[in-house]
Each structure stands twice: as structure tokens, then as C-alpha cells.
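Side chains included, hydrogens not; waters and symmetry mates left out as well; all remaining heavy atoms used. These numbers were taken from a predicted model, which means no experiment stands behind them.
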Amino acid sequence: MKRQLPLAMVFIFGFLMIIQYFIPHEYSEWVNAFLMDWMMIIGVFALALGLWSLTRVSWDKVRQKKPNWGYSIVTLAGLFLMMFFGFDYFRHFSTAVGSDNYMYIHFYRHIVIPIQATMFSLLAFFIASAAYRAFRARSLLATLLLVAALVIMLRFNPFLGPLQPIMEEFSVWLLNVPNLAAKRAIVIGVGLGMVATALKVILGIERAYLGKD
Amino acid sequence: MDRSRRISLIIFAGIIILFILSWIIKSTTLLNVGTESLLSIRDAFFITFAAFLTLAIFSFLYKDNPYYKFAEHLFVGVSAAYWMCVGFWSTFVGNFIPKVSTTLSNFFEVPPKEFDIFYFIPLILGLMLLMRLSPKGGWLSRWSLAFIVGTTAGLNLIRYLRTDFITQVSNTFIPLLVDWNGIGPFFSDFSLSASGQFVMTLGNWVIFIGVFSGLIYFFFSKEHKGFFGHASRVGIWVLMITFGASFGYTVMGRVSLLVGRLTFLFKDWLGLIS
Amino acid sequence: MSDIGLILSIGVIVVGLLWLTIRSLTGREVERRIIFLFIGISVAIPLLFNITVSEKATPIVKGIYDKVENLPSGSKILISFDYGPSMAPEVEPMSDAFLRHALAKGHKVFIMGLWATGQSLGAAAVDKIVKPEFPDKVDGVDYINIGYKAGNQGVLNVIITDFRKMYATDVNGVDLDSVEIFENIRSLKDMDLILCVGGGFPGIKEWVLFAADPGNIPLAGGSAAVATPLLYPYYPKQLIGLLGGIKGAAEYESEMKKNYPRFADMPTPGLNMMGPQTLAHMVVMAFIVIGNLSFFFAKRRKK
Amino acid sequence: MRLKLLFLSCLLLIFICTSAFTQDEAVVADSLETTAETISPAPATSLTAIDKPDDHGHGIDLSWELSADDGGGLMSVMGYMIYRATSPDGSYEARSGLLLNVTAYSDVGAMNEGENDYMPDYTDYYYKVRALTTDSAVFADSEILGPVQSFGQWFNWKRLSVLLLVAGFLFLTVYFIQKAKGGAKLFVRRLAGIEAVDEAIGRATEMGKPILYVLGLGTAADIATIASYTILSRVAKKVAEYQTGLIVPCYDPIVMAIAQETVKTSYMNAGRADAYNEDMVYFVTNQQFAYVAGVNGVMLRDRPATNIYMGKFYAESLILAETGVAAGSIQIAGTDEISQIPFFVVACDYTLIGEELYAASAYLGKEPLLLGSLKAQDYAKACLIFLAIIGFITLMFGYHGIVDFFHVAG
């Protein structure tokens, strides 16, 4: 029972959503809108679950004095300070966006945004080190990879002179034509794979996620 | 005290001094611009702190170090709380509360909407999910998971079949010979960017062959031998060229990101460039 | 002073790369931190010393420039801001350049946006460029910002027959019937040129399909690099020209600088970005070459 | 108001003048003689109205034939407007803007009561099409048509081909699963990336180091994530058997909950329920780069021997993979996010490209049921290639049936 009922639910809701697609009637649209709304609301509860997990793992580290436990205090402090500003009960409860507290905004602007942007910009370094390591003419395939990348990057070579527009044109062609073909092949395959996986889930063939007892 | 510990303490002290120095200098420059004194001290702190965090993340490129660990852990905590607040205020208070309780919507000061009993279902499913935290009721949470997995599997099955699969297949039907008007006009324009007939026909052939050889590459039921081997070889060539080209093309965007970060450091923090 | 710093630092990069190349001939690998260092320097130096690589406009960029240039003064140009803040670093230089060029040439400029964020970005461009740099231009006579209306390409479907069905006022709430610039404007078809700056949906593609093609209106645009390859097929038939990513913006800026003395000192965010771009690309390519050298020489030694 | 009128009449004047001067002489004389604005144009004819098919109701499709004076005759018709009333002689309200040179229009209203422009179903509507000239006082109405009702449909015929494809695929899947259950041997070729997973787990055991499994940034709604759970369940089972460590940091809390169930089940199946610890699968944060920062920390401090990335990945793919390289781990990736595949291919030891991610779960399990669905996938692909070739050939002979089948409008 503990296992059969969830499986039945997966089957019913899965088929409901498939059938819903073919029914244009407004009841069907209504069902769709409802289910989507529900998912988002359940998501908020899940977030609470996630925060609990984060807090417990961090707290365990602090309590058991695991390596680097001091930094877990930073995590917990950041978490609860930001929560406090976000929910800021006494002064700014009135706004439905909850972001009226200026400390909340400052934390977002001066902690979240700069770190996020900097993490993102690390890619400029990593893309170079990955290119250095991987783009070697080891085999035919690696050579193709290497040559295609070089051709595209050559657009930025100022010493190219009159060859510049030709390179530009060729790289655009490369990005348009073979690129399109490969993407299409992958997308068609992925589409089939997704359908197969979803079917396996709905039919209950794939059920690892539902536990055992 | 051993040597490495002493060095790291000296570095720490140096960073603290630099931080305070930068804070003071930034405050005075902001004051000179004419910002209110308290505000400028606060803004100067935040700018300096943001610069410190930026450098802390960059220091990771050299090796893992306490400053990166600090920034990382702070970031994880603050961002998790940020999303919790966003979820609570926009979804829970914005979407859910108005539909279930007038008292609560008055309390949160959101306009109440028509009462809808169906909204208690996600509430129950959400609470069931939270039952994971109790050792006995964990199995109840599977109902919520089953609901989510079932719904999304059904929804996405159709959505991907429709957008990814069918659309792409129907786009693959392209003329393999573009508007034949005789040899002259066919070979008139070789420019790859223009729409000369020869170039377009060539392009369509490349797409046609690329798509089918790519599909054959992803065929699992047959060994890659004989005709299959040749076709799948062509498929993987096309894939590799594509990956190389995408990689090369992305460099431009990533460098732009780094320019953005360095501009923040040089301009907003240090004031080196205008 | 800055020249010395520039020569010195580029010298360091070149000598460093040469040294690494020679080292690689013995089959030795370069450590990743050295690569990181080179990338950091190659981006930082052009920023600090404000190196601008001289760009020459490619035909696809020159097409737009010449069109704006050759239209008789007083022509009506519509600039659509179809982007948001996250895309702004890449495409804002384009809309800035278009705006400057059109006003300097004496055209009438209509600003609008198919993105909600475009409205405020358009207004910001007016505050940043038009008011300080063109103080003699009058709102409602020489330029107007009619802002954003929801509906994506649906908006285009309407304004291709009648602006006033969608827009009653400009962003400041001024009745369109009372402004001089809108006197003889009925629909998009009265525009002499449309310039769309964007990179997502709705964007240039929608302008082609729902405005330029059905209305037979000249259209050109600027697009974020990611979206550019998908737009090339429309050039040159449906698009007069296209600025692709920051490089396109830089080419346009360089063309403006070359021909207008008044723009000699204008801010050129696109060109400024090109120094780091070029140098960083060169460095990445150099490392790929170095990597292959050390690979080959290591293999030969093994034999 | 007066200003507006003045302005309009000016406009009209300008219009008449310019149109007079731009037309060729014969027509100029003609238009001067007849003074078009006083003569009503011919109305639009053959008006039809039916409920808009394949919709949720609240919409009616109209079509008509152009007025004789549109593009011919007096040349006076400028465009059309649709008018609607709820009784034949009731008050007609405009339902469209000015329609230029078209002969069809869908009158679609809002679905919910209380919304602007609400258009109730099962209500009698009456329509007329007005042919307009440049003079707002001169126009011609078509005959009144009605009553027409709008209502919602129970099947969208435009999506028939999607239904057929789903049904066909379902049939193939069930067929091959039955075949597999019956004991038929189903051949699948080896895939290097998948065999590497087994090796990598073995290596981690030898080194006594844990395995890091990253489910990516997908939410519970992504099928790539679902595929990733199934791979996780195989990996976790092996890990439990070999008694290696497992670390699963999560980005989405629902994904975390599902992953916890998955890992727990695998440990039980391996008979090692005692070794399972809830904190193997934990939540980091719901923000892309904060999550990456956290996972990077794990790679550098816990030093996993193997990193497995399966699921949806965005720009962070290369940050993760390069940090993994720096930490000296073996890396296996699989994603269906096309824009990120190049980075994984470049930085990881093995990469499952697109569809291979979905195939991987079947491979790792080698269970007949899962292999059956993989076979179905292959046969669907074969059918597709076959159909496409036929489609190309028939297209050359001018037959569009196959192409149209794949063209879903609704």
C-alpha cells in the first residue's frame, strides 16, 4: 500500500497531463493551471526542507568540530541574518514583496551579486585552461574540435588583414549550417529519450525514487 | 608558532589594514562628491566589501584558501535565505494566502481573492513533504513526490515531443535543390553569407547528411560497423566540429564577463579608470 | 606615460609567451595558474591603459552606417530597445551608437521597446546621451520615447497599420496627437528606417517577420552574440545590416569616430571592450599552439 | 475635439491631394468626377461564421469576400471592421481594429467572467462586416449573420499527429518490454562513457575516496533529472556494495528529497541499509553560482576520486569540470543541454552526449524492462529516418502529406 498508491498517483497524474494536451476545452486548461500552481506552492515547502538540510549539515559540522567547521558558522550567520532581514517582522512586514528592508537589498546587491558575477567570470580563465589542455591534435576527432575552435576565434586576430571578412563569413557559415545539423540530430534523439524516460516513469517501470518498503 | 601560520596571520592582518584603508579612502571620496556622511560611510563599506569578496573568489584561481572559503560559505547561506524569502513572499503570500484565508491575507496585507478549496491540496501535499523530517511519517512524503514526478513526466513528455522532436523533424524537410534556374544562376554567388543557390543547396545537403549521420551515431541497437560505422563516423565528425565552433564562439562572451568584473574593481572601487 | 606602461606590459605578455613556447619545445607542460595569470593580464592591461584596437567596419556593419548616413536629414528613424539589464553590457553600446549617430545626422528619432525593461533603458539613454550631448534637441520635436506596450509581436501587428491604436501617449503621458514629431506619422510604414537592438524574444526576428517584411520597411539591428548566427540568413535581403555582439558595436563606433569630429571623444564602450577581447583571444590561441607544440615534442621524445 | 476634427480633415485633404497627384491621369479625372466619398462602397459579401475549431471556446471564426470596391471598382474601400451584437437588431460593437486586405478574422474573447472582454459560450451572436472608406461617414455593412455560438471542443484535431506518435511509441515500448520479459536477448552496443562509470567506482574504492554525484541544476520538472535519478540509483547500489563514500549536493530541494529516497532504496537493495546516512544527500542552495561555489569546495576539500555530473547544466558546467581537473578526479558527465556539451567534452574524461544520458540508465541496470524501452527508442529512430527519406522523395514529386504530418499548427 505504501508503495502501490504513489505508483498509482504517478500513473494517474502522468496520463492526466498527457490527455490534457489534446483537450482544448476550458476545463482541461483549468486543470493544467491548477496543477502548475500547486507545484509552485509545494516548492515553497520543499525549500523549507532544503533549508533544514543545509542548517543541519552545517550545524553538525560545527558541533562535531569537523574540518573547516568555523566556516559553517559563516554560512549559518549569513542564512539567519538574511532570513531575518527578509522576514523582518516588526518594521516592514506590510509589503508583500518582503524586500522593503534596505539591509536585505544591500545584502543582495553587495554580497550575492558581486560573488555571483565573479564566479561567472571565472569562466574566462577556465575556458582558456580547458582549451590549452584539450585542444591537441591527438586524434582526428580532437583535431576537428581544435580546428573548428581556432577558425572561430581567428575572427579576433587583427593581423588577418584582407582575410578577415572571409574568415568572418566562414565562421558564420560554420555556426549556421553544420551547427544546425548537429543540434538537430541531438535534439531529435534527446526528444525520443525524454519521451521514453517519461513513459518508463508513468508506466512504473522506473521506480527507484519511490523507496522500497 | 610555526612559520606558515605566522605568514598567514601577517597576510590576514595586511588584508584587514587594506580593507580599513580602502574603507576610509572610499568614504572620503564619496563625501567629497557630496553624499551624506553616514550614507557615504555605509556605501563605502559595502563597495569595499564587495571588492573584497570579488578578490576572494578570484584568489581561488591560485588555490583554495581561507578567504575563498569565507566568501563561498557566506554566499551559500545568504543566497539560500534569499530564495527562501522570495519563495515565501511571492508564491506563498502572493499566490496561496489570498485564496485560502481572508484573515491571513489581511494580516499579510495582500488583497484577498475568491476562496478556493482546491488550494488546500497543495498545502496538504506540502505538509506531507515536510513529514520527511519525522522518522515515522517519511513514507507520506512519497505521495507528494509521486504527484510531482507524475505531473511533470506527463507534461514534459508531451512538451518535448511537440517542441523538440516534431518541430525539429518538420524543420528537417528542406529542399535539396534550391530553385533550379539553370547552371548560370546556380553558381552565380559563392558568398557564404549570402543566399546564392549553390551555397544554399550545399548548406541544405550538409544539414541533411549531418542530421541523419548524427541520428545513426546515436543508434544503440547496432555495432558501429560497415555502413553504420561510416555513417556514424561522419556523425561524430559533424558533432565535434560543432562543439569546437561553439567553444570558440563562447570565448567572446566569457571575456566580456571578466571585463565587467575588472571594470568594477578598477572603476567603482579603485577609481583608476573613468 | 600610459604608452610606456602599455609597451612594457605587452612586452611582458609577448616575452612570457615566447618563453613558454621555447619551454614547450622540450615537451614541458604549462601550469594552469600561468595561463590564468596571462588571461588576467591580457584583459586588465587594455582596460587600464584604454587600448582600443582599430576596427574596420565589415560590410554588414557598414550597411547600417551608410543607410543612416545617406538618409536625408530629418528622416524618421525608430530605435527599438528590446533587451534587459543582463544583456545591456553587450548591446547597450549599439543602441547608444545608433542614437548618437541618428541625432547627429539630424534625423527624428522614435524610441520604443518590445521588452518591458526597454522602456526604462530607452529613457536612461535619453538622459545619458540626448540631454547632455544634444542640448538643442527638443523632446517631442526631434525625438520621442513612446515606451513599451505588452503583446510582443502583437504590438507590431497593430502599429504596422496604426500607432495610435496601441499608443495614445508617450512615456511622459503626452498625447501623441499634440506632439510635432508625430504629426505625419500614422504607422510603422511612415518610418524611413527601423533599428532594433536586442538579443532575445521578441527581437530582430520578430521585427523582420511582423514589420519589415509585411510593411516593406528598411530594417537593421544589433544583436547579442548568442543570437547573431540565427539572424545572418536574413542579411542582406531583409536586414540592411547587423551588429553582432560587442564586435559589431565596436566596428560601428569606429566608423562614427572616423567620420565625425564631434564623436572623437565620445565614450566607446564597444571599442573599449575590444582591446581585452582581442588580446584575450590571441592569448588563448597562443596557448592552444603552445599546448600542441609541447604535445608533439613530448611524443617525438618518447619515440 | 474641434482640433482633432480640424486635424483629421486636414489629413483627409492631404490624402486626397496626394492620392490625386500620384495616380495616373485617367484615374484622376475619374475620382474628381465621381467624388468617391459620397457614394457608399459595395459591401463585403458571403459572410460566414463558425465556432473556432480546436479551442477552449470563447472564439468565433469569420470569413468573407472582399468588397467589389476593394482593389477594384471605385477603389474606395480602405479596410474592414467586425461588429457584433447579441440580437439581430441590438447594438453592434466593434470587435476588431481596421483590417487591411484580409478576408478572415477570429473574434476571440476572454475566458473568465469578470475579465475584460469576456465572451460567454453558448450565447447567440450576430455579426456584420463593415467596409470602410477614408471618410468615416461613408461605409457599407454586409448582411447580418447569425445566430452563431462559441463553445469549447473536447479534442484538438490539429494535435492528432502528436497523439499518433505517442500511441505508436507507447506500442513500441510495451511490445519490446513484453519481448524482453519473454526472455528474448536484446542486443545493445557498448558505450564507453557508461562502462567508465563502473570502472570509476572501482577506482574510488581502491583509493578509499568518495564519489561525488552532481544532479545538476535541473528541477524536479526536468526529465534529464529523472534520468539522472535512475543513474544515481545504479551508482548508489554499486557504491553501497563496494562500501565507498557518496556525496550528493543538491540544488533543488525537491530533487534532494527524491535523491534521498533513491539512494536509500539502493542501499537497502544492496543489503547495506545500515551504511546509509541521510546527510550523504544534502541541499546546498537554490542559486546557480552559490551552488557551484559549494560544490567546488567539496571537490577541493573532500577530494573525491570520481565526479559524476548527470542532468541539466548551464554555464557552470565548465567551472565544475575544470575544478574537478585541478583536484585530479576522474570525471564523467552527461547532459542534454546542447550548449554545455562542448565544455564537458573538452574537460571531462567521458561525456554522455544528449540521448546517451537517457540510455545510460538502461545500460547500467541491464534489466530487460529498461533495455526494452531503449529498443523502442531505436526503432522509433529507424522509423523516423525511413519516414524522412520517403518524405524527401515524395516532396520531390510534389506530395506534402508526410511533411504536413510533422507540421503541428495548434
- Message: Which atoms of A/L199 are under 4.5 Å from chain D, going by heavy atoms: the side chain, the backbone, both sets, or neither?
- Response: side chain
- Can you tell which part of D/I353 gets under 4.5 Å to a heavy atom of chain A, answering side chain, backbone, both or neither? side chain
- Heaviest contributor of heavy-atom pairs below 4.5 Å to chain D, chosen from A/M39, A/R56, A/K183, is A/R56
- Message: Counting C-beta onward and ignoring hydrogens, is there a side-chain heavy-atom pair between D/N156 and A/F22 closer than 4.5 Å?
- Response: no
- More than 12 foreign heavy atoms under 6.0 Å from NZ of A/K66: is that the case here? yes
- If one checks every heavy atom of A/I188 against chain D at 4.5 Å, the contacting part turns out to be side chain
- Task: Test side-chain contact (heavy atoms from CB on, under 4.5 Å) on D/I319 and A/F120 and set out the steps.
- Result: CA-CA 8 Å; D/I319 302 184; A/F120 201 0; 5.7 Å; no
- Note on the structure: Under 4.5 Å to a heavy atom of chain A? For D/L357 that would be neither
- Query: Given that the side chain runs from C-beta out, which part of D/T173 has a heavy atom under 4.5 Å from chain A: side chain, backbone, both or neither?
  - Reply: side chain
- Note on the structure: Okay, D/N286 and chain A: the region with an atom under 4.5 Å from a heavy atom over there is side chain
- Query: Which one of A/L145, A/V190, A/I127 has the most heavy-atom pairs closer than 4.5 Å to chain D?
  - Reply: A/V190
- Considering only heavy atoms, which portion of A/F45 lies under 4.5 Å from any heavy atom of chain D: side chain, backbone, both, or neither? neither
- Query: Measuring heavy-atom distances to chain A, does D/F151 have an atom under 4.5 Å in its side chain, in its backbone, in both, or in neither?
  - Reply: neither
- Are the side chains of D/Q288 and A/M119 in touch, meaning some heavy atoms are under 4.5 Å apart? no
- Task: Please look at D/V292 and chain A and tell me whether the side chain, the backbone, both or neither of the residue comes under 4.5 angstrom of a heavy atom of that chain.
- Result: both
- Message: Only pairs of heavy atoms separated by less than 4.5 Å count here; which of D/A315, D/A290, D/A227, D/A380 has the most with chain A?
- Response: D/A315
- Tell me, out of A/L123, A/L79, A/V195, A/V201, who's got the most heavy-atom pairs with chain D below 4.5 Å. A/L123
- Item | Gap between atom OH of A/Y21 and atom CG of D/L163 - 0.5 Å precision | 10.0 Å
- Given the rule in the side-chain contact (heavy atoms from CB on, under 4.5 Å) test, do D/F169 and A/L192 qualify, once you have shown the distances and angles that lead to the verdict? CA-CA 9 Å; D/F169 198 76; A/L192 277 175; 3.7 Å; yes
- Message: Counting only non-hydrogen atoms closer than 4.5 Å, does D/V325 touch chain A with its backbone (N, CA, C, O), its side chain (CB onward), both, or neither?
- Response: side chain
- Task: Could you tell me whether the side chain of A/L49 reaches within less than 4.5 Å of the side chain of D/F283, counting heavy atoms only?
- Result: no
- Query: Considering only heavy atoms, which portion of D/A376 lies under 4.5 Å from any heavy atom of chain A: side chain, backbone, both, or neither?
  - Reply: neither
- Atom NZ of D/K264 with >12 non-hydrogen neighbours under 6.0 angstrom: no
- Message: Tell me the closest heavy-atom pair linking A/A130 and D/L318, and the distance in Å.
- Response: CB-CD1, 4.1 Å
- Item | Distance-minimising heavy-atom pair for A/A46 and D/P253 | O-CB, 2.9 Å
- Query: In terms of heavy-atom proximity below 4.5 Å to chain D, should A/K200 be classed as side chain, backbone, both, or neither?
  - Reply: side chain
- Nearest heavy-atom contact between A/N68 and D/R301 is ND2-CD, 3.4 Å
